[in-house]
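Index from 1, following the sequence. These numbers come from the heavy atoms of this one structure, side chains and all, not from hydrogens, waters or symmetry mates.
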Amino acid sequence: KYWDYVTNPWTRDGQVQAQVIQVTPRVSGPIVDLPIEDNRFVRAGDLLFQIDPRTFAAAVKSAEADLEQARVRAKDAKEEADRARRIMERDRGAMPQQQLEQKENEQSAADAAVLGAEAQLEQARLDQEFTRVRAPVDGYVTNLNLRIGSQAVANQPALALVDANSFWVHGFFRENHIQGIGRGDRAVVTLMSYPDRPLEGRVDSLGWGIFQKDGSSCANLLPDISPTFQW
């Protein structure tokens, strides 16, 4: 038993961890649909909540109208420029060169306005699409505090999603035990909630340092581990 203890180091000091995604809406507005429940599993692409889309639908219609107007102005500017070029081809002295250049510049400006209106329409459509916030990964909704009517704020985290495919275990061992542990070694993890169902795993890596609680003023971004007698 002692030899098994020496060759197979173990610890009770471990933690299960996972990636937590902060789901953040891209637009602001009141929530009108909330099909999820707290601590439930969702799949990537599932609807988490929807922001009132009416304002953004109106913005799409307004952008479509602006684009149509820009296209009409661009068409008129092109016809004016073409007419001026035909006049100059027939009679070089019928129109000042400066006037022709002005017509061509107006055409270029009108074409640029069309591109700008198309970009505005694309942005309006994206904003409308962003009213439906979907799960980026398979995971578990955790600590859900949203309600129908809650105000979602753009670029402010609205809920937490635990990535179901990102779990790992941190084990904290005595210093004189880690010399025999290497990357790829077999590891057996027994969770306190499931003592009769050990999990098979592999050592991924060993940490190179922790933050010591000795009065230092800066943690240097190292793991802040609570001290125990085993350290």
Side-chain angles (χ1 to χ4, degrees), residues 13-70 113-172 189 191-194 197 199 201 204 207 210-211 213 218-226:
D13 193 357
Q15 295 179 349
V16 179
Q17 299 194 6
Q19 297 288 348
V20 179
I21 299 173
Q22 295 184 349
V23 178
T24 304
R26 303 282 294 273
V27 296
S28 299
I31 294 175
V32 296
D33 188 15
L34 189 66
I36 57 175
E37 296 179 4
D38 198 12
N39 300 317
R40 295 299 177 90
F41 179 78
V42 295
R43 296 196 176 277
D46 286 353
L47 180 66
L48 299 178
F49 59 89
Q50 182 174 11
I51 297 169
D52 190 347
R54 292 175 296 177
T55 301
F56 303 95
V60 170
K61 292 182 179 180
S62 177
E64 289 174 343
D66 291 342
L67 176 59
E68 187 62 28
Q69 292 178 358
V114 170
L115 295 177
E118 289 175 344
Q120 290 294 330
L121 176 58
E122 180 64 21
Q123 183 62 59
R125 287 173 174 169
L126 285 174
D127 288 343
Q128 185 179 25
E129 182 181 345
F130 292 153
T131 60
R132 299 177 64 85
V133 181
R134 300 184 180 276
V137 296
D138 296 344
Y140 300 92
V141 177
T142 303
N143 193 29
L144 179 64
N145 293 316
L146 296 179
R147 296 293 184 270
I148 297 293
S150 297
Q151 182 73 14
V153 180
N155 301 319
Q156 294 293 325
L159 61 87
L161 186 66
V162 179
D163 188 345
N165 299 309
S166 68
F167 286 97
W168 74 92
V169 174
H170 275 157
F172 307 113
V189 180
L191 304 179
M192 295 178 65
S193 53
Y194 300 97
R197 294 169 59 185
L199 305 176
D204 178 75
I210 65 169
F211 171 54
K213 296 182 180 294
C218 179
N220 296 324
L221 299 180
L222 293 178
D224 190 355
I225 308 300
S226 299

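Taking the side-chain contact (heavy atoms from CB on, under 4.5 Å) definition, one finds that Arg54 meets it with Asp52, sequence neighbours left out. Every side-chain contact (heavy atoms from CB on, under 4.5 Å) that Gln69 has, sequence neighbours left out, goes to Asp66, Arg73. Listed by chain and number, the residues in a side-chain contact (heavy atoms from CB on, under 4.5 Å) with Gln128 are Phe56, Ala57, Val60 (sequence neighbours excluded).
Of all non-hydrogen atoms in Gly139 and Leu161, the two that sit nearest each other are C-CD1, 3.8 Å. Counting all heavy atoms, side chain and backbone alike, Pro35 lies closest to Leu48 at CD-O, 3.3 Å. Closest heavy-atom contact between Pro25 and Ala158: CD-CB, 4.0 Å. Residues Arg147 and Ile31 share a closest heavy-atom pair of O-CB, 4.0 Å. When all heavy atoms of Val20 and Ala160 are compared, the pair lying nearest together is CG1-CB, 3.9 Å. The nearest pair of heavy atoms linking Arg134 to Gly45 is NH1-O, 3.0 Å.
Judged by distance alone, with hydrogens and angles left aside, the side-chain atoms of Asp138 form a donor-acceptor pair with the main-chain N or O of Ala44 at under 3.5 Å. The closest donor-acceptor contact from the side chain of Ser166 to the backbone of Gln19 lies under 3.5 Å. Within the 3.5 Å criterion, the main-chain N or O of Asn143 finds a donor-acceptor partner in the side chain of Asp38.
Taking the six-membered ring where the residue is Trp, Trp168 and His170 present perpendicular rings, their angle passing 60° and hence far from 30°.
Using a 4.5 Å heavy-atom threshold, the side chains of Leu67 and Glu118 count as touching. Between Arg132 and Leu47 the shortest side-chain heavy-atom distance falls below 4.5 Å. At a threshold of 4.5 Å between non-hydrogen side-chain atoms, the residues Asn165 and Val137 do not count as touching. Contact annotation: the side chain of Ile51 never approaches that of Phe130 to less than 4.5 Å [non-hydrogen atoms, C-beta and beyond].
To the nearest 0.5 angstrom, Leu144 atom CG is 5.0 Å from Ile36 atom CD1. A distance of 5.5 Å separates CG in Leu121 from CD in Glu64, rounded to the nearest 0.5 Å. Here the CZ-CD distance, from Phe167 to Gln17, works out to 11.0 Å after rounding to the nearest 0.5 Å.
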request  = Could you go through the side chain to side chain contact (heavy atoms under 4.5 Å, CB included) check for Thr55 and Val27 one step at a time?
outcome  = CA-CA 11 Å; Thr55 301; Val27 296; over 6 Å; no
